[in-house]
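Start at 1 and go down the list; that is how both ligands and their atoms are numbered. Heavy atoms only: backbone and side chains are in, while hydrogens, waters and symmetry mates are out. Computed from a predicted structure; not experimentally measured.
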Amino acid sequence: MKRVVIAIGGNAIIRNGQKGTTEEQLSNIQTCCTQIADLAQSGYQVILTHGNGPQVGNIVIQNDMAKPVIPESPLDICDAATQGSLGYLLARTLSNALKERNLTTKVATILTQVIVDPDDPAFSHPSKFIGPFFTKEEALEIEKTQGFLMKEDSDRGYRRVVPSPYPQKLVELEAIQDLASLGYTLIIAGGGGIPVINETGRLTGIEAVIDKDFTSSLVAENLKADAFVILTEVSKAAIHYNQPNMQWLDQMNVDDCKRYLAQGEFPDGSMKPKVQAALNFVEHTKKEAVITSLSCLIPALQGTDGTHIHP
Ligand code: ADP
Ligand code: MG
């Protein structure tokens, strides 16, 4: 049985322009779970991970507005909350889709902590976009009144940025490996994992949002996946993105990836971590990675859509 790690973007679950209602999120999740169940039916073992940028940002806003009556939660707790809410929606939708196909595959969602380095330079250079998009004027006002750092996200508007340290190790890796070897369909490392630091054997939470792309490539390597798929809002990566000479990419080899990264074709906090994560997996395993959209999962695995990164 072939094992595939599929990373679902938080921005693919609440798309740009959507408010993020449960109905909207469920409908986007349904789109990909239908295809994931089809994949399972064709003999793949699926390991799912997911992002949480828009969702964790919304929880932070809820916290902020409720401050007069309810104590605020630190970011690691907000990350944990999104593993629960999105993990639940994914597990429920996927279980139903598997049952409709008379598949007996068991689904389990595992709360996942991820060790990061407390001295990671990311703590002084926030790059992870969270929450909704604002206009430039709104963003300046938020910076002034709330002291949050705001940056422009790929011409889509301005968003808050928070530190995004590099994931080093999954705390629950052994449990995940055991369940994977029993054939479970797993939902793990949501939101890139809950960031913790390991000081002399004791785990402590730390306020950050790990980019799920990097954690997902770590998962794909650790679980010896045969393929690694990153699902986002766009069906391919592009060079000269949003420029008149934009060119969608069907494939890149390792050298192309490195060259485009060096030329700054992929911005921090959005497409760059995807290309870097795909590159890590391909370089370390000599297997293929694909970047595509939620609705193109099957054609991408069949080779007719998406950006394929190969050794
Ligand atoms: P996700 O939640 O799936 O991780 P991100 O917003 O982090 O989504 O990253 C995907 C987004 O990156 C795309 O929707 C697109 O707007 C943006 N993007 C920036 N540069 C590029 C590029 N060169 N090619 C394709 N998309 C790009
Ligand atoms: Mg992202």
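When the heavy atoms of Gly51, Ala12, Ser154, Pro54 are ranked by distance to atom 19 (C) of ligand 1, first place goes to Ser154. Atom 8 (O) of ligand 1 has its nearest heavy-atom neighbour, among Thr232, Ile14, Asp155, in Thr232. Nearest to atom 14 (O) of ligand 1 by heavy-atom distance, out of Glu265, Gln243, Lys128, Arg156, is Arg156.
Atom 12 (O) of ligand 1 has its closest protein heavy atom at Ser270 CB, 3.4 Å. Given atom 5 (P) of ligand 1, the protein heavy atom at minimum distance is Asn11 ND2, 3.6 Å. Scanning the protein for heavy atoms near atom 23 (N) of ligand 1, the closest one is Ala238 O, 2.7 Å. Here the protein heavy atom with the shortest distance to atom 13 (C) of ligand 1 is Val234 CG2, 3.9 Å. Distance from atom 18 (N) of ligand 1 to its nearest protein heavy atom, with residue and atom name: Tyr241 CE2, 3.6 Å. Counting protein heavy atoms only, atom 20 (N) of ligand 1 is closest to Pro267 CD, 3.1 Å. Protein heavy atom nearest atom 25 (C) of ligand 1, with residue, atom name and distance: Met271 CE, 3.5 Å.
For the pair Lys274 and ligand 1, a heavy-atom separation below 4.0 Å is found. Ligand 1 has no atom lying under 4.0 Å from any heavy atom of Pro273. Distances from ligand 1 to the non-hydrogen atoms of Ala237 include at least one value under 4.0 Å.
Taking every heavy atom of Gly269 and a limit of under 4.0 angstrom, the matching atoms of ligand 1 come to 7 (O). Atoms of ligand 1 lying under 4.0 Å from any heavy atom of Phe266, numbered from 1 in the order shown and given with element: 23 (N). Counting atoms of ligand 1 from 1 in the listed order, those under 4.0 Å from a heavy atom of Lys236 are 25 (C).
Residue contacts with ligand 1: Lys212 is placed with a nitrogen or oxygen under 3.5 Å of a nitrogen or oxygen of the ligand (distance criterion only).
Only one option out of Val107, Thr185, Val219, Ile187 pairs with Leu48 in a side-chain contact (heavy atoms from CB on, under 4.5 Å); it is Ile187. Remark: of the listed residues Glu288, Lys286, Gln251, Gln251 is the sole one forming a side-chain hydrogen bond (donor to acceptor under 3.5 Å, both in side chains) with His310.
In summary, the aromatic rings of Phe134 and Tyr158 are positioned with their centroids too far apart to meet the 6.0 Å limit. Aromatic pair Phe214/Tyr166: ring centres closer than 6.0 Å.
Between Phe266 and Tyr260, the two ring planes are perpendicular [angle over 60°; tilted spans 30° to 60°].
Think of Leu203 as one node in a network of Ile, Leu, Val, Met, Phe, Trp and Tyr side chains linked at under 4.5 Å; its network also takes in Ile115, Val171, Val196. Summarising the hydrophobic clusters (Ile, Leu, Val, Met, Phe, Trp, Tyr; side-chain heavy atoms under 4.5 Å, direct or chained), the residues clustered with Val69 are Ile70.
Ion pairing between a basic and an acidic side chain is recognised when a charged N comes within 4.0 Å of a carboxylate O; Arg159 and Asp153 show such pairing. Of the charged side-chain nitrogens involved, at least one lies within less than 4.0 Å of a carboxylate oxygen, so that Glu283 and Lys258 count as a salt-bridged pair. Salt-bridge annotation for Lys272 and Asp213: absent, with no side-chain N of the basic residue lying under 4.0 Å from a carboxylate O of the acidic one.
A side-chain donor from one of His284 and Glu221 sits under 3.5 Å from a side-chain acceptor of the other.
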